[in-house]
Amino acid sequence: MYLCPYLFIESMSLKREIERRRTFGIISHPDAGKTTLTEKLLLFGGAIQEAGAVKSNKIKKGATSDFMEIERQRGISVATSVLAFEYEGIKINILDTPGHKDFAEDTFRTLTAVDSVIVVIDVAKGVEEQTEKLVEVCRMRNIPMIVFINKLDREGKDAFELLDEIEQKLNLRVTPLSFPIGMGYDFKGIYNIWEKNVNLFSGDSRKNIEETIEIADVNHPDLETIISEKAANILREELELVYEVYPDFNRDEYLEGTLQPVFFGSALNNFGVRELLDCFVEIAPKPRPKESDTRLVRPEEKEFSGFVFKIHANMDPKHRDRLAFVKVVSGTFERNTAYLHVRNNKKLKFSSPNAFFAEKKQIVDVSYPGDIVGLHDTGNFKIGDTLTEGEEMRYKGIPSFSPEHFKYINNADPMKSKQLEKGIDQLMDEGVAQLFTLELNGRKVIGTVGALQFEVIQYRLEHEYGALCTYENLNVHKACWVDPKNPKSEEFADFKRVKSKFLAKDKRGQLVFFADSAFTLQMTQSKYPNVHLHFVSEFEKHSTVK
Ligand code: G4P
């Protein structure tokens with residue numbers, strides 16, 4: 001078979017670029033140390049020169065009003081949306097995930113664009129609420145996870161107790177790849193099970209590489225002089241238990257999401273971070289194939305395809321500028337090339353696609369699978385949209401979750417109803433909240449994950465669109481997407497008639513049922529067993545009754 005040399009070289013370089021990419025997210029409960037760890041990883045990659053350079057996207061309470069704080073956070077999170085750097089020939093893309101629970105949905109969407117995650121846990125606090133929720137999403141999708149237990153320089157829980165807690169609360173199967181020697185005041189360092197050496201803790205955060213002492217065997221007498229006889233004996237006993245109780249590390253199981261390696265360290269002191277990074281680049285997955293509605297798409301395929309997982313809009317109120325973040329799934333994305341926007345069936349060309357490097361954006365000519373491209377957009381994109389070279393397929397897997405808070409939204413300035421409509425429309429495309437229209441009277445209802453979003457919407461409608469709105473309370477416990485087994489059945493007709501006051505359509509026209517209490521939900525489910533209700537907008541037809 002004749003293969004054109006140019007095509008051959010092109011496909012080889014695509015393969016090489018895919019092999020060397022690692023795209024991941026760091027998830028944690030706020031304050032566990034995500035920002036600090038991110039910063040230390042960037043320091044190792046040489047992408048930043050000093051600590052304190054990465055801004056925290058945390059919502060700080062107290063200093064300013066909540067919505068001003070959110071605007072500040074929004075500004076920062078454009079800069080930290082993607083932090084890319086090179087480490088030992090590997091191109092690493094870290095996707096930012098807000099830890100604040102009101103922005104959980106942002107994080108869920110970002111998790112559709114990562115190939116693996118690092119979970120950060122505070123040694124003293126153990127497994128916290130946000131970690132549980134986020135890990136559950138990763139577990140459901142079999143995303144490979146590495147756990148980093150942080151703040152070992154402080155007093156915290158016993159290592160075995162923590163490993164137990166992780167197994168039980170997070171439902172993970174763990175295997176430690178490093179183990180702490182002492183803790184808090186007595187913290188001496190870690191034994192690196194993966195590399196088989198001892199790293200001594202100096203407590204000096206300015207040092208980039210801590211003192212690493214190779215010892216082929218923990219029974220070596222040198223260990224006593226290095227960490228004291230008592231500490232050496234405890235470590236030997238603990239390691240014996242580790243080898244007995246926990247499974248050996250197996251990369252395939254890690255990649256399948258059935259085994260999670262655990263590291264210990266102190267991000268603030270830059271301790272244990274290099275070990276984590278070295279192991280990460282070795283074991284973490286390269287860009288993975290992704291399921292579309294028609295087929296499984298592999299990164300190595302020549303034709304470009306990708307999907308929008310995040311939209312940032314109107315950072316500058318004078319310009320309607322939106323930046324759509326596209327994850328490249330297959331092929332190469334090239335500047336000034338026309339791609340099909342599948343939902344609108346329209347070809348679009350991008351003259352200045354952005355790539356991200358540390359906290360800077362720059363225009364790029366070519367991007368590869370695993371990379372994130374920022375596309376300037378005038379209102380074409382919605383979260384979840386697919387771009388291809390012409391193939392009619394849509395990527396799956398950016399569901400909406402049932403919001404937790406609901407309010408009617410009313411127009412407070414009749415002269416500005418167009419502006420209000422446009423504003424609501426665009427904010428919903430960005431994924432700030434969800435809009436529902438009641439079947440009975442056409443009234444509009446906004447549903448959000450956090451209470452904070454109502455303020456954000458009101459503030460942004462006024463400042464970016466010149467529109468005023470008011471809210472009215474609405475008592476809804478859960479919004480459920482309705483999935484009748486037989487849309488023509490008597491049962492479904494009865495459901496629609498009896499529940500007509502509580503039915504609405506989401507933005508995609510899907511039917512949604514507003515249950516006003518957990519009791520109503522339960523009663524409805526038992527009365528209409530063939531009308532399935534889901535808490536997520538994307539579901540396998542009639543699969544689960546939730
Ligand atoms: P987050 O992004 O997960 O919310 O956490 P972040 O990195 O901002 O860390 C939260 C707090 O924990 C920070 O302190 C940070 O300095 C501290 N921290 C992070 N890693 C370690 C560690 O290994 N050891 C110790 N002792 N502390 C750690 P802060 O006082 O809230 O903020 P700052 O004033 O230091 O920035």
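Atoms within each ligand, like the ligands themselves, are counted from 1 in listed order.
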A.B. asks: Quick one: which of Arg322, Lys382, Arg460, Arg109 gives a salt bridge (charged side-chain N to carboxylate O under 4.0 Å, His left out) with Glu430?
C.D. replies: Arg460

A.B. asks: Give the contacting part of Ser28 toward ligand 1: side chain, backbone, both or neither, where contact means a heavy-atom distance below 4.0 Å.
C.D. replies: side chain

A.B. asks: Could you pull out the closest heavy-atom pair between Arg288 and Asp115, with the gap in Å?
C.D. replies: N-OD1, 3.2 Å

A.B. asks: So if I count the atoms of ligand 1 from 1 in the order they appear, which ones are less than 4.0 Å from some heavy atom of Ser266?
C.D. replies: 22 (C), 23 (O), 24 (N)

A.B. asks: Please check if the distance between the ring centroids of Phe44 and Phe85 is under 6.0 Å.
C.D. replies: no

A.B. asks: Under 4.0 Å from a heavy atom of Ala267: which atoms of ligand 1 are those, numbered in the order shown and with their elements?
C.D. replies: 23 (O)

A.B. asks: With a 6.0 Å cut-off on ring centres, are Phe333 and Tyr368 close enough?
C.D. replies: no

A.B. asks: Counting only heavy atoms, which portion of Asp153 has something under 4.0 Å from ligand 1: side chain, backbone, both, or neither?
C.D. replies: side chain

A.B. asks: Quick check on contacts: which atoms of ligand 1 are under 4.0 angstrom from a heavy atom of Pro30?
C.D. replies: 4 (O)

A.B. asks: Where does the angle between the aromatic ring planes of Phe307 and Tyr395 fall among parallel (under 30°), tilted (30 to 60°) and perpendicular (over 60°)?
C.D. replies: tilted

A.B. asks: Mind checking whether Lys34 contacts ligand 1 via backbone (N, CA, C, O), side chain (CB onward), both or neither, at a 4.0 Å heavy-atom cut-off?
C.D. replies: both

A.B. asks: Should Leu268 be counted as touching ligand 1, given the test is an N or O pair under 3.5 Å?
C.D. replies: yes

A.B. asks: Report the part of Leu152 (side chain from C-beta onward, or backbone N, CA, C, O) that has a heavy atom under 4.0 Å from ligand 1; answer both or neither where that applies.
C.D. replies: neither

A.B. asks: Polar-atom distance check: Lys151 versus ligand 1, any N or O pair below 3.5 Å?
C.D. replies: yes

A.B. asks: If the test is side chain to side chain contact (heavy atoms under 4.5 Å, CB included), which one of Thr97, Val119, Ile118 qualifies with Lys34?
C.D. replies: Thr97

A.B. asks: Using 30° and 60° as the class boundaries, would you call the ring planes of Phe160 and Tyr246 parallel, tilted or perpendicular?
C.D. replies: parallel

